[in-house]
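Start at 1 and go down the list; that is how both ligands and their atoms are numbered. The figures here come from the full heavy-atom set of this structure, side chains too, leaving out hydrogens, waters and symmetry mates. Since the model is a prediction, treat every value here as computed from it, not as a measurement.
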Amino acid sequence: MTEKVHRLGLLSMFVFLLIVLLGAWFAGRDKSDSEGGTRFLIGISQPNLSDPWHVALNEEVKEEVDKHNDIRVIFTDAAQSSAQQKEDIRHLVGYGVDLLVVSLDDPAALTATVAEVYRKIPVIVLGRGVTGYDYTLYIGTDNEVVGQKAGEFAAETLKGRKGTIVEVQGFGDSPTVQERSLGFREAIAGSNLEVTHVVNSDWQRDRAEDQLTDLLAKDGNVDLIFAHSESMALGAYRALKNTGRMNIDIIGIDGVTTKTGGSPYVSERQLIGMVRSPTGGREAIQYALDILNKEKGIPKKVILRSRLVTSDTESGDGADGKAAPPDRNGKETLKLGFAQVGSESGWRIAHTNSVIGAAKDAGIELLFRNADQSQERQFESIREFIRQRVDVIAFSPKTETGWEEVLSEAKDAGIPVILSDREVKVKDDSLWTAYIGSDFREEGRRAARWLTEQADREPDRVYRIVELQGTPDSAPALGRKKGFEELIRDDDRFAYAASLEGDFTKRSGKELMAEALEKFGKSIDVVYAHNDDMALGAIEAIEAYGLKPGKDILLISVDATKSAMDALSIGKLNLVVECNPLLGPQLMKAVKDVSQGKDLPMKIITSEGVFTQELVKQVKRNREY
Ligand code: GYE
């Protein structure tokens with residue numbers, strides 16, 4: 001017995017000594033860090049450095065890192081090999097990097113590796129994204145918009161002529177290529193242009209040159225080449241020279257621009273135009289520091305503004321959506337005009353409170369107007385803000401369309417406009433400076449993904465769906481409908497009983513559901529409500545009809561307000577997709593940045609989750625709305 005006690009004593013002394021030593025080492029580490037040591041080590045994994053865009057990315061990273069003496073970076077170059085890039089990433093993690101920044105040419109090959117690293121350390125994905133959401137933050141451009149800008153310019157260049165186009169793509173199955181291609185085709189739809197050939201050159205200049213030299217030698221009828229990257233566009237230019245076909249126009253993407261924002265290849269007239277897709281290297285380091293310093297409100301996606309560069313826009317001015325910093329005429333306190341859409345839902349109240357609270361915390365003078373669901377009143381509020389010479393205007397647009405005139409007045413007045421919560425659809429996207437809010441299409445996809453998982457458990461069954469839509473023509477209603485449809489329209493296990501237009505209020509949800517029950521009764525299997533208030537109204541209608549919500553009829557909702565989470569926890573809802581209303585702090589940061597003349601990302605997409613009945617108990621208590 002004495003022997004045993006003796007051993008136990010020795011063991012506890014050893015453990016105690018170990019704790020003291022470790023504590024000293026950590027303290028020492030912090031101290032040496034505070035004396036200018038390396039606090040953070042960041043790994044930068046590149047797929048290649050043969051493409052000028054990736055070289056520019058490294059340059060931007062170095063410039064930003066040089067502003068800090070306590071971060072170090074390790075760069076790797078996979079020389080166009082996905083297998084090598086996986087190895088590089090594993091080595092970087094092995095070196096003990098605190099955060100990984102990865103740029104991908106072949107997302108399909110790297111998505112699993114990125115997801116594996118994301119389980120251990122933060123990961124920022126740049127440029128050509130991964131599929132899914134297994135990363136901390138994505139920084140890049142909206143590839144559909146990039147393709148649209150290229151397509152609009154192609155249509156303008158060929159001016160209604162019957163034009164045949166060769167499209168030169170990167171890796172065929174990457175989301176970037178698919179979205180750029182989709183955007184291009186949407187833009188030329190209805191014109192006399194036709195994409196007659198698609199060539200996959202895997203982002204490589206020499207491959208593009210070889211393939212196009214062959215193609216042009218055989219096909220005399222090509223008017224324009226649209227290349228998904230600058231390096232492939234340069235390959236196309238070499239093919240023109242090889243075949244003497246110098247009359248063919250070339251449009252590229254991704255181009256690296258000169259300091260003034262122009263493109264060397266446009267000014268040398270090798271390309272007629274290039275849709276600039278910023279690398280995001282600077283933003284990656286800025287957000288990496290926020291993430292490593294555990295700042296709140298880190299977004300899920302940061303979409304950078306893409307811009308068409310032609311010989312006319314070489315100067316690179318204006319079209320960036322960055323209004324000149326307003327004339328502050330010596331005013332100390334920043335003045336923000338906010339035109340809120342209404343008070344229609346629990347989400348909206350939380351959004352309003354977040355904006356008002358954050359303005360107070362930020363010391364920003366807030367002119368707050370509530371339009372009570374009237375677009376006209378939002379117009380009036382924005383014009384009042386212009387008259388009052390506010391520094392920045394922000395608003396949550398009731399609908400996507402109808403904003404050109406009033407936003408042009410704000411731009412003419414030199415007042416930047418920030419969209420909070422909902423987007424607008426205007427041809428000239430320089431009418432607004434930035435959008436802070438959610439990815440509504442992804443919210444719709446998340447609702448559909450959960451439903452398909454339920455259906456997988458009960459094969460040979462058809463689910464009849466009632467969809468309760470939000471306010472017509474509003475960005476959330478359009479996006480949630482589109483995203484949901486994407487995943488179920490071709491799945492014969494699902495059928496719409498009805499898709500009804502509501503207005504995000506509880507009353508509309510209750511009335512529409514009662515009508516649907518009168519018409520379809522017990523044949524309804526699922527209700528997909530575009531927000532909690534309509535879902536809660538539907539629950540009341542279902543109970544009045546004598547059925548059990550959450551059991552006789554599955555209910556899916558969006559927002560994740562407190563009342564919905566309560567309903568989820570007692571089984572009256574089956575799934576709640578989160579839509580974050582707490583946008584105030586990010587809005588105030590953007591107001592301050594734009595007032596200091598800083599560039600803002602085009603879109604800041606908030607990070608959001610999905611809650612099931614099993615999950616809700618763990619998360620309900622510490623939610624802020
Ligand atoms: O889902 C709804 C609110 O614009 C995302 O509007 C917001 C939507 C939200 O009325 O509750």
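Between E405 and R383, at least one side-chain N (NZ, or NE/NH1/NH2) sits under 4.0 Å from a carboxylate O, which counts as a salt bridge. Using a 4.0 Å cut-off between a side-chain N of Lys or Arg and a carboxylate O of Asp or Glu, D525 and R493 do not qualify as a salt bridge. Between D593 and K598 there is a salt bridge, since a side-chain N of the basic residue sits under 4.0 Å from a carboxylate O of the acidic one.
Residue C579 has at least one heavy-atom neighbour below 4.0 Å for each of these atoms of ligand 1: 5 (C). For ligand 1, the atoms closer than 4.0 angstrom to any heavy atom of E344 are 3 (C), 6 (O), 10 (O). For ligand 1, the atoms sitting less than 4.0 Å from at least one non-hydrogen atom of D421 are 4 (O), 5 (C), 7 (C), numbered in the order shown with element in parentheses. Proximity to F440 (heavy-atom distance under 4.0 Å) selects the following atoms of ligand 1: 5 (C). Residue contact check: P476 has heavy atoms under 4.0 Å from atoms 4 (O) of ligand 1. Those atoms of ligand 1 that come under 4.0 Å of a heavy atom in S345, given as number and element, are 2 (C), 3 (C), 10 (O), 11 (O).
Nearest heavy atom pair, residue T401 against residue Q375, reads O-NE2, 2.9 Å.
Here the heavy atom of the protein found nearest to atom 8 (C) of ligand 1 is R422 NH2, 3.8 Å. Looking at atom 11 (O) of ligand 1, its nearest protein heavy atom turns out to be D559 OD2, 2.6 Å.
Each ring-ring contact (aromatic ring centres under 6.0 Å, His included) pair with one or both residues in residues 530-549, not counting sequence neighbours, appears once here: Y528-H530. Applying the ring-ring contact (aromatic ring centres under 6.0 Å, His included) test to pairs two or more places apart or on separate chains, those with a residue in residues 338-382 are F338-H351, F338-F368, W347-H351, F379-W403.
Taken from CG in N143 to CD in E179, the straight-line distance is 5.5 Å, to the nearest 0.5 Å.
At a 4.0 Å heavy-atom cut-off, ligand 1 touches R480 through the side chain alone.
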